[in-house]
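Below is one structure, written out as structure tokens; comments come after it.
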Protein chains: 2
Amino acid sequence: MTEIAQDNSPPNASDNPVDVGQGIHTSKQSLADRLFLTLRSEIVEGRISSGSKISEPELARRFDASRSSLREALMRLESLSLIERRVNVGARVVDLTERGLLEIYDVREALEGMACRLAAENRSEEDLVELRQMLERHEQQEELQKGTAYFQPEGDFDFHFRIVQASNNDLLIDTLCNKLYYRVRMYRYQLGMASPRAHRAFREHSHIIDAIEAGDGELAEILMRRHIRASRNNIEKKLSQDD
Amino acid sequence: MTEIAQDNSPPNASDNPVDVGQGIHTSKQSLADRLFLTLRSEIVEGRISSGSKISEPELARRFDASRSSLREALMRLESLSLIERRVNVGARVVDLTERGLLEIYDVREALEGMACRLAAENRSEEDLVELRQMLERHEQQEELQKGTAYFQPEGDFDFHFRIVQASNNDLLIDTLCNKLYYRVRMYRYQLGMASPRAHRAFREHSHIIDAIEAGDGELAEILMRRHIRASRNNIEKKLSQDD
DNA sequence: CCGCCACAGATTGTCGACACTTTTATAGAT
DNA sequence: ATCTATAAAAGTGTCGACAATCTGTGGCGG
């Protein structure tokens, strides 16, 4: 039987805590909640491999929970598109496809572009300070380990996460930070994409924050879209090489 | 006790059936499925009023189902953001706010703009024929009842629905057609927005399809974004008048 | 040898019951 | 009369069990 975590790691990668929806300090969480969080981590990090079948009785035994609670967790996972369920057949972890990854990039380009525009239009002193601080942290990290870019994936994640938060559009925030980004992380973990674009990406981040600071929504959106599209092209090239 | 529908009306408004995700002909549906579909309609159409509390035992009795099945339906509704659930407290239908509506417009502008671009880039002969036929149908309807624009909301819905389908991006299709559009419909039904932009909207639709036909993704995206933003501005103006 | 059908095993969908929490109602004190 | 504290009622979270369905194995016929 596997112990399930009480305090699961939050979705934001940086040190400063950022509230992601559902109010402040919802310390009350049900068993189904905890099962959901635990399973989400296991799937995202590939400890439950993509494409594998999920057996309700087996998982229920493993966590020493009833099938009801487990099923609720599974339904939540389904709504994140981390698993797929078919009536009277069961659940499977989604499998990661090249097409699926590219589709995510297109959606991110659209949504994060808009988020960036909104962040620039509604920019608050608070957000700007945080964004600048984050950029400095990343710069230090980059100085520390030139080229290797080990922490870059999480740093990149952090960047995108914070921009979206600054958009001040709850629907956008929820769609990206609470839903789509888990699948993004799943691809990152399992296709292990250590970006060779580390240096360039950092400069792009910097320019994007400049545009936000200047309140230039149009430019901020264009730059963010380019930034994401560059990543997409990079991935696409790499994937086509492997075949 | 209320009878629950076996064959619930599909989300697309037009005559030609369009498969929305989850494979072809999933005639097998569980009780929870049917409860979900029925409740979704009732919430979207306002028969369960927004903001009202949802009692699990009461609804279970009303549909003569167990709480388990009902709860599964509720969780699905939650993933559509049609209801909100809090631990140990219960579920409430979301309430419709001006801010929420405007947020939806921003997200739609981003996503449908991208969908339109993709539709133009991957345009298939099939999609083009369907889009043209749809436009003709709408034109006839408009001729029939000049200005009144009774069917326009559904026609408009039909238009956006089909463009998204033509994007050929499953994530985009799912996000918009299977998730966000239900909330859009909810706002339409309950804030009853009979667009006074009927004629203009029709011309805009026409130009958008021209751009798609020409394979001009960039223009198609720009036009779609303008189209949605015009709607947004229209709503925003109307809402600020009412105060 | 391949394909079809029946049966057994396992899994999922659904149900009713119980424990714990929140909410409401009641009574008492300031 | 308002507020607080206690008790009753209702509601939610979780559990185990049963019925319906699917999967896989084996045998039969072509």
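Residue numbering restarts at 1 for every chain, and letters A, B, ... go by the order of the sequence lines.
- Non-hydrogen atoms lying under 4.0 Å from DNA chain D are contributed by nothing in residues 72-84 of chain A.
- Within the 4.0 angstrom heavy-atom criterion, only backbone atoms of the sugar-phosphate kind lie near B/I54; the bases stay farther away.
- In this structure, CG of B/L70 is placed 9 Å from P of D/dT12, rounded to the nearest angstrom.
- For B/K53, no side-chain nitrogen or oxygen approaches OP1 or OP2 of D/dA10 to under 4.0 Å.
- As judged by a 4.0 angstrom heavy-atom cut-off over every strand, A/S68 is placed among the base-contacting residues.
- Side-chain N/O atoms of A/R71 include one lying less than 4.0 angstrom from OP1 or OP2 on C/dG13.
- Picking from D/dC15, D/dG11, C/dC15 the nucleotide with the shortest atom distance to the side chain of B/S69 gives C/dC15.
- With contacts defined as side-chain heavy-atom distances shorter than 4.5 Å, the pair B/I54/B/R85 does not qualify.
- Distance alone, capped at 3.5 Å, places no donor-acceptor pair between the A/S69 side chain and the A/A65 backbone.
- Going from atom CZ of B/R85 over to atom C1' of C/dT22 covers 15 Å, rounded to whole Å.
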List the atom pairs, with distances to 0.1 Å, where a side-chain N or O of residues 167-174 of chain B and a protein N or O form a donor-acceptor pair under 3.5 Å, not counting sequence neighbours.
residue : atom : partner : partner atom : Å
B/S167  : OG   : B/V164  : O            : 2.8
B/S167  : OG   : B/N169  : N            : 3.2
B/N169  : OD1  : B/L171  : N            : 3.0
B/N169  : OD1  : B/L172  : N            : 3.0
B/N169  : ND2  : A/E103  : O            : 3.4
B/D174  : OD2  : B/K179  : NZ           : 2.6

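- Note: CD (A/E58) to P (C/dT11) measures 9 Å, nearest angstrom.
- Remark: side-chain polar atoms of B/S79 are paired, donor with acceptor, to backbone N or O of B/R76 under 3.5 angstrom.
- Between the side chain of B/S49 and the backbone N or O of B/G46 there is no donor-acceptor pair closer than 3.5 Å.
- Between A/R108 and A/H160 the shortest side-chain heavy-atom distance falls below 4.5 Å.
- The residue among A/S30 and A/R86 whose nearest nucleotide of DNA chain D lies closer to the 5′ end is A/S30.
- A straight line from CD of B/E56 to P of D/dG13 spans 6 Å, rounded to a whole angstrom.
- For B/S55 and D/dA10, the shortest distance from a side-chain N or O to OP1 or OP2 is not below 4.0 Å.
- Spacing between atom CZ of B/F36 and atom P of C/dG13 amounts to 15 Å, rounded to whole angstrom units.
- For C/dT14, neither phosphate oxygen OP1 nor OP2 lies less than 4.0 angstrom from any side-chain nitrogen or oxygen of B/S66.
- The nearest whole Å value for the distance from the CZ atom in A/F63 to the C1' atom in D/dT14 is 17 Å.
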Grab the N/O contacts between the protein and nucleotides 18-21 of chain D below 3.5 Å, and write none if there aren't any.
none

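- Taking atom CZ of A/R92 as the reference point, atom P of D/dT23 lies 10 Å away to the nearest angstrom.
- Between the side chain of A/E56 and the backbone N or O of A/S68, no donor-acceptor pair lies under 3.5 Å.
- Between A/D127 and A/S124, the side chains place a donor N or O and an acceptor N or O closer than 3.5 Å (distance only, hydrogens not considered).
- With hydrogens and angles ignored, the 3.5 Å screen pairs no side-chain donor or acceptor of B/N234 with any backbone N or O of B/S231.
- Under a 3.5 Å cut-off, the side chain of B/Y187 and the backbone N or O of B/T97 do form a donor-acceptor pair.
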